[in-house]
2 protein chains.
Amino acid sequence: MLLVDSTFKALAEPRRREILTHVWSRELPAAQIAARFPDVTRSAISQHLGVLRDAQLVVERRDGVRRLYRANHAQMTRLRHFLDEYWGDSLERLRLLAESAEREKGNVNG
Amino acid sequence: MLLVDSTFKALAEPRRREILTHVWSRELPAAQIAARFPDVTRSAISQHLGVLRDAQLVVERRDGVRRLYRANHAQMTRLRHFLDEYWGDSLERLRLLAESAEREKGNVNG
DNA sequence: GCCGAAAGTTAGTTGACACTTACGTAAGTA
DNA sequence: TACTTACGTAAGTGTCAACTAACTTTCGGC
């Protein structure tokens, strides 16, 4: 799966966004993250962490028996850049170019 | 559903992102949008357009029997702002404040 | 009013996914 | 070695969403 695709899918789940905020500015072991979600099992959080890891939105570091997670700010920056480049002014300019090219073609044919 | 939630969910689908690029800088009737996706039925595109409309990522304008769609740039801007504010420096600062408050408490108790 | 074009809507199917329970595994400890 | 802790993983379940096929609605021309 494309990285942008997996990033959007990972962020589409509210719980995963909340997990991200918890590990945004500090490392936390999986158990402590799970403790913040009393309504779901630890297993569910572990699976969410796997999705976030696959999307490179968090990085994992092992410390003995524990696994410490923290947000990968670079990936979030990458997403912002994607939004800027894919739907920002650069795309706008490309579209306008394509349209004027279409008109040119129309003028030649007409 | 929260607006941010529906926005992420809408963008998580690659086909909907592609639809957005097609109506980014010009209005298009539903049939012309559907024509760009030969592998799925017109009905599927109509449903995708409904999801994009609910997420306020596109706006619809009726012209006789046709319905013209165009991207809502404001909503995309809103998403960028969300990324900036929710996971940007402002959240970073809040987290650091919360952490130092935690340490303060620890010092009082210890 | 009747017909056809453009589009939305509904019913039903299939696949994905968030979740739970149960089990497996690696690292530390007695 | 046996036990515990801190995890991940596998299997199964219910729900949701993307899709197709068939139908309905809305508008314009005759």
Side-chain angles (χ1 to χ4, degrees), chain A residues 1-23 26-72, chain B residues 1-23 26-72:
Chain A
M1 184 155 49
L2 285 174
L3 196 57
V4 172
D5 218 286
S6 59
T7 304
F8 270 118
K9 283 217 172 121
L11 291 175
E13 178 64 39
R15 222 181 286 269
R16 283 196 285 263
R17 291 203 300 272
E18 203 178 342
I19 290 177
L20 257 190
T21 68
H22 286 132
V23 297
R26 65 186 178 297
E27 268 184 337
L28 281 181
Q32 281 194 38
I33 299 170
R36 315 225 167 191
F37 300 91
D39 54 327
V40 290
T41 61
R42 190 186 48 75
S43 174
I45 300 302
S46 179
Q47 290 171 56
H48 279 313
L49 286 170
V51 173
L52 289 169
R53 194 185 335 105
D54 289 348
Q56 300 181 29
L57 283 165
V58 299
V59 287
E60 180 197 300
R61 181 174 71 89
R62 304 203 181 192
D63 171 35
V65 71
R66 298 187 312 169
R67 304 203 187 181
L68 301 165
Y69 291 90
R70 63 176 169 82
N72 180 14
Chain B
M1 182 153 55
L2 286 174
L3 196 59
V4 173
D5 219 286
S6 59
T7 304
F8 270 118
K9 284 222 171 114
L11 291 175
E13 178 64 37
R15 223 181 288 268
R16 283 196 286 264
R17 290 203 301 272
E18 203 178 341
I19 289 177
L20 258 189
T21 68
H22 287 132
V23 296
R26 67 186 176 297
E27 269 184 337
L28 280 180
Q32 281 195 36
I33 299 171
R36 315 225 166 189
F37 300 90
D39 53 330
V40 290
T41 61
R42 192 183 48 74
S43 173
I45 300 303
S46 179
Q47 290 171 58
H48 279 313
L49 286 170
V51 173
L52 289 169
R53 195 186 332 108
D54 288 349
Q56 300 181 30
L57 283 165
V58 299
V59 289
E60 180 196 300
R61 183 174 70 89
R62 306 203 180 192
D63 171 36
V65 71
R66 299 188 311 167
R67 303 199 188 183
L68 301 165
Y69 292 91
R70 63 176 170 82
N72 180 13

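Quick note on labels: first sequence line is chain A, next is B, and so on, each numbered from 1. All of these numbers come straight from a predicted model, not from anything done at the bench.
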Apply the test side chain to side chain contact (heavy atoms under 4.5 Å, CB included) to residues B:Val59 and B:Arg70: give CA-CA distance (whole Å), side-chain angles for both, the deciding distance (0.1 Å), then the verdict. CA-CA 6 Å; B:Val59 289; B:Arg70 63 176 170 82; 3.5 Å; yes
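Here D:dT4 presents its C1' atom at 16 Å from CZ of A:Arg66, a figure rounded to the nearest Å. We find that CZ of B:Arg67 is positioned 9 Å from P of C:dA7, with the value rounded to whole Å. Here D:dA18 presents its P atom at 12 Å from CZ of B:Arg17, a figure rounded to the nearest Å. Remark: C1' of D:dA18 and CG of B:Leu52 are 13 Å apart, rounded to the nearest angstrom. Rounding to whole angstrom units, CD of residue A:Gln32 and C1' of D:dT5 are separated by 14 Å. Distance B:Arg15 CZ to D:dA18 P: 10 Å, rounded to the nearest Å. Here C:dA18 presents its C1' atom at 14 Å from CG of B:Asp5, a figure rounded to the nearest Å. For B:Ile45 and D:dA17, the CD1 to P distance is 18 Å, given to the nearest whole Å.
Within the 4.0 Å cut-off from OP1 or OP2 of D:dA17, not a single side-chain nitrogen or oxygen of B:His48 is found. Between B:Ser46 and C:dG8 there is a side-chain polar atom (N or O) within less than 4.0 angstrom of OP1 or OP2.
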What does the B/S/- profile of nucleotides 22-30 of chain C look like, 5' to 3', with a 4.0 Å heavy-atom cutoff to protein? ----BSS--
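Put simply, the side chain of B:Arg16 gets close to the backbone of B:Lys9: a donor and an acceptor are under 3.5 Å apart.
Here A:Arg15 pairs with A:Glu13, A:Phe37, A:Asp39, A:Val40, A:Ile45, A:His48 under the side chain to side chain contact (heavy atoms under 4.5 Å, CB included) rule; sequence neighbours left out. Qualifying side-chain hydrogen bond (donor to acceptor under 3.5 Å, both in side chains) partners for A:Thr41, counting only residues two or more places apart in sequence or in other chains: none. Residues passing the side chain to side chain contact (heavy atoms under 4.5 Å, CB included) test with B:Ser46, sequence neighbours excluded: none. With sequence neighbours excluded, the residues forming a side chain to side chain contact (heavy atoms under 4.5 Å, CB included) with A:Arg53 are A:Val58, A:Glu60, A:Tyr69, listed by chain and number.
Nucleic acid contact class of A:Ala31 (heavy atoms, under 4.0 Å, all strands): sugar-phosphate only. Residue contacts for A:Tyr69: at a heavy-atom cut-off of 4.0 Å it reaches the sugar-phosphate backbone alone, with no base atom in range.
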Using the 3.5 Å cut-off, write out each protein N or O paired with an N or O of nucleotides 11-16 of chain C and the distance between them.
none

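Nearest heavy atoms, B:Leu28 versus B:His22: CD1-O, 3.6 Å. For A:Pro29 against A:Arg66, the heavy-atom pair with the smallest separation is CG-NH1, 4.0 Å.
Side-chain contact between A:Leu11 and A:Leu20 is present, with heavy atoms from C-beta onward closer than 4.5 Å.
Comparing A:Ala44 and B:Arg53 along DNA chain C, the residue whose closest nucleotide (by nearest heavy atom) sits nearer the 5' end is B:Arg53.
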